[in-house]
Amino acid sequence: MLKIATWNVNSIRSRLEHVSDFLSSQIPDILLLQETKCTDDQFPHDQFSSMPYNVSLHGQKSYNGVAIFSKYPIDEVKTNFDGNPIPDQARFLEITCNTPVGYSRIISVYVPNGGEVGSDKFAIKLDFLDGLKAYLDSIQSKDENLIIGGDFNVAPFDIDLYDPEVLKNTTCCTEVEKEKMLALLGDNFADLYRIANPDLQEFSWWDYRSAGFARNHGLRIDFLLANENAARKLKECYIDKSYRSLKKPSDHVPVVAVFGV
DNA sequence: ATGGTCGCTTGGCGA
């Protein structure tokens with residue numbers, strides 16, 4: 001069995017209690033974090049030192065930052081991918097480790113939000129998605145499990161948006177972003193939540209502003225993706241919405257997948 | 001078209 005989760009925590013230092021609670025009550029074998037928003041020196045290791053995790057970090061000051069918690073010893077570590085148009089921003093972390101469902105290459109990624117549609121930042125987001133697709137295709141393997149989790153900042157299908165009409169042509173919902181995301185999935189990667197729940201409409205993010213969560217104005221922009229070797233072992237995949245109801249929540253909630261042999 | 005709320009930091013920026 002392998003239980004893996006991804007969560008954009010919007011600052012690890014502001015989410016210490018929620019992340020600690022998640023680790024001790026949900027007991028994932030591997031946890032992928034995004035938007036840790038601190039340097040590796042600032043990372044609150046003490047909070048987690050009593051828990052059975054190896055931690056790999058790729059942080060930076062104030063913004064971005066990704067991390068991976070793993071119960072299994074971490075072998076290789078990569079903090080960037082070839083073709084990343086913004087390699088100075090900490091948005092990518094890849095590890096390998098041996099798991100009960102086979103040797104696995106696991107990635108935590110934070111895709112740029114993109115700002116205003118048509119802006120320079122938006123163009124960089126599209127380039128990032130292109131570069132990430134090319135990289136992921138280049139590391140495909142029939143032997144390894146390949147699992148990518150993170151905040152992709154794209155809602156690829158109408159069912160992933162609270163209101164496709166209202167959100168038409170807004171950031172995360174434009175046709176060109178959807179094309180990039182679908183191209184990234186291609187034939188190589190499965191969207192695990194959608195495989196497990198073909199018709200469910202659930203979201204992974206709700207805006208802090210305008211009472212987004214209370215009105216269920218959300219998007220599904222956080223994903224766990226897997227190659228065929230891993231996807232065929234999928235037992236379940238779900239979104240744990242409960243973490244959005246806590247005091248001082250992240251604006252994102254965990255997405256969880258369980259694999260078996 | 002703007003602002004709504006957070007988290008970084010302490011004046012705005014990013015989301």
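Chain letters run A, B, ... following the sequence lines, proteins first and then strands; every chain starts at 1.
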**Q** Measuring from the side chain of Arg13(A) (C-beta onward, heavy atoms only), which nucleotide among dA15(B), dC8(B), dG7(B) has the closest atom?
**A**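 Nucleotide nearest to Arg13(A)'s side chain: dC8(B).
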**Q** Contact class for Ser210(A) vs. all strands (heavy atom < 4.0 Å): base, sugar-phosphate, or nothing?
**A**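 Since a base atom lies under 4.0 Å of Ser210(A), the category is base.
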**Q** Whether Glu177(A) and Lys180(A) form a salt bridge (side-chain N of Lys/Arg under 4.0 Å from carboxylate O of Asp/Glu) is what I want to check.
**A**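 Not counted as a salt bridge, because no side-chain N and carboxylate O are separated by less than 4.0 Å.
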**Q** Does any donor atom in the side chain of Asn229(A) or Lys142(A) lie under 3.5 Å from an acceptor atom in the other side chain?
**A**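 The answer is no; no qualifying pair exists.
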**Q** Can you find a side chain N or O atom of Lys121(A) that sits less than 4.0 Å from OP1 or OP2 on dG14(B)?
**A**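 Yes.
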**Q** What is the distance from CG of Asp207(A) to C1' of dT2(B), rounded to the nearest Å?
**A**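 Result: 14 Å.
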**Q** NZ of Lys37(A) versus P of dA15(B): gap in Å, rounded?
**A**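 Rounded to the whole Å, the gap is 9 Å.
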**Q** Suppose you measure atom P in dG12(B) against the same atom in dG3(B); what distance do you get, rounded to whole Å?
**A**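 It works out to 16 Å between them.
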**Q** Roughly how many Å apart are dG14(B) and dT10(B), using the P atom of each and rounding to a whole number?
**A**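 Going atom to atom, P in each nucleotide, I get 14 Å.
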**Q** Need one value for Arg244(A): base, sugar-phosphate or nothing, where a base atom within 4.0 Å counts as base even if backbone is also close, heavy atoms only.
**A**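 No contact at all - Arg244(A) keeps every heavy atom at 4.0 Å or more from the nucleic acid.
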**Q** Please state how far atom NE2 in His252(A) lies from atom P in dC6(B), giving the value in whole angstrom units.
**A**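 Taking NE2 of His252(A) and P of dC6(B), I get 14 Å after rounding.
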**Q** Starting from P on dC8(B), measure out to OH on Tyr110(A) and report it in whole angstrom.
**A**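 Tyr110(A) atom OH is separated from dC8(B) atom P by 13 Å.
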**Q** Expressed in angstrom and rounded to an integer, what is the separation of Asp251(A) atom CG from dT5(B) atom C1'?
**A**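 Computing the Asp251(A):CG to dT5(B):C1' distance gives 9 Å.
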**Q** Test ring pair (Phe, Tyr, Trp, His ring centres under 6.0 Å) on Tyr53(A) and Phe48(A) and set out the steps.
**A** CA-CA 8 Å; Tyr53(A) 291 99; Phe48(A) 307 107; 8.5 Å; no
**Q** Between Arg220(A) and Glu202(A), does at least one N-O distance fall below 4.0 Å, as a salt bridge requires?
**A**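 Salt bridge absent between Arg220(A) and Glu202(A).
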**Q** Name the closest nucleotide to the Arg209(A) side chain, picking from dC6(B), dA15(B), dG12(B).
**A**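 Within the option list, the nearest is dA15(B).
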**Q** Assign Phe213(A) to base, sugar-phosphate, or nothing according to its heavy-atom contacts below 4.0 angstrom with the strands shown.
**A**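 Nothing, no nucleic acid heavy atom in range.
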**Q** Want to settle it: does Lys248(A) or Gly114(A) sit nearer the 5' end of DNA chain B, counting the closest nucleotide to each?
**A**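 That would be Lys248(A).
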**Q** Can a side-chain donor-acceptor contact be found between Asp137(A) and Asn188(A) if the only test is distance below 3.5 angstrom?
**A**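 Yes, a side-chain donor-acceptor pair sits under 3.5 Å.
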**Q** Using whole Å, what does the distance between atom P of nucleotide dA15(B) and atom CH2 of Trp205(A) come to?
**A**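 It works out to 12 Å between those atoms.
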**Q** Using atom CG of Leu167(A) as one end and atom C1' of dA15(B) as the other, report the distance to the nearest whole Å.
**A**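 Distance, rounded to whole Å: 15 Å.
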**Q** Measure from CD1 on Ile12(A) to C1' on dC8(B) and round the result to the nearest Å.
**A**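 Roughly 15 Å, once rounded to whole Å.
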**Q** Taking the nucleotide of DNA chain B with the closest heavy atom to each, which residue, Asn10(A) or Asp151(A), is nearer the 5' end?
**A**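 Looking at the nearest nucleotide for each, Asn10(A) comes out on the 5' side.
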**Q** Below 4.0 angstrom from OP1 or OP2 of dG7(B), is there any side-chain N or O of Arg15(A)?
**A**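 Checking Arg15(A) against dG7(B): at least one side-chain N or O falls below 4.0 Å of OP1 or OP2.
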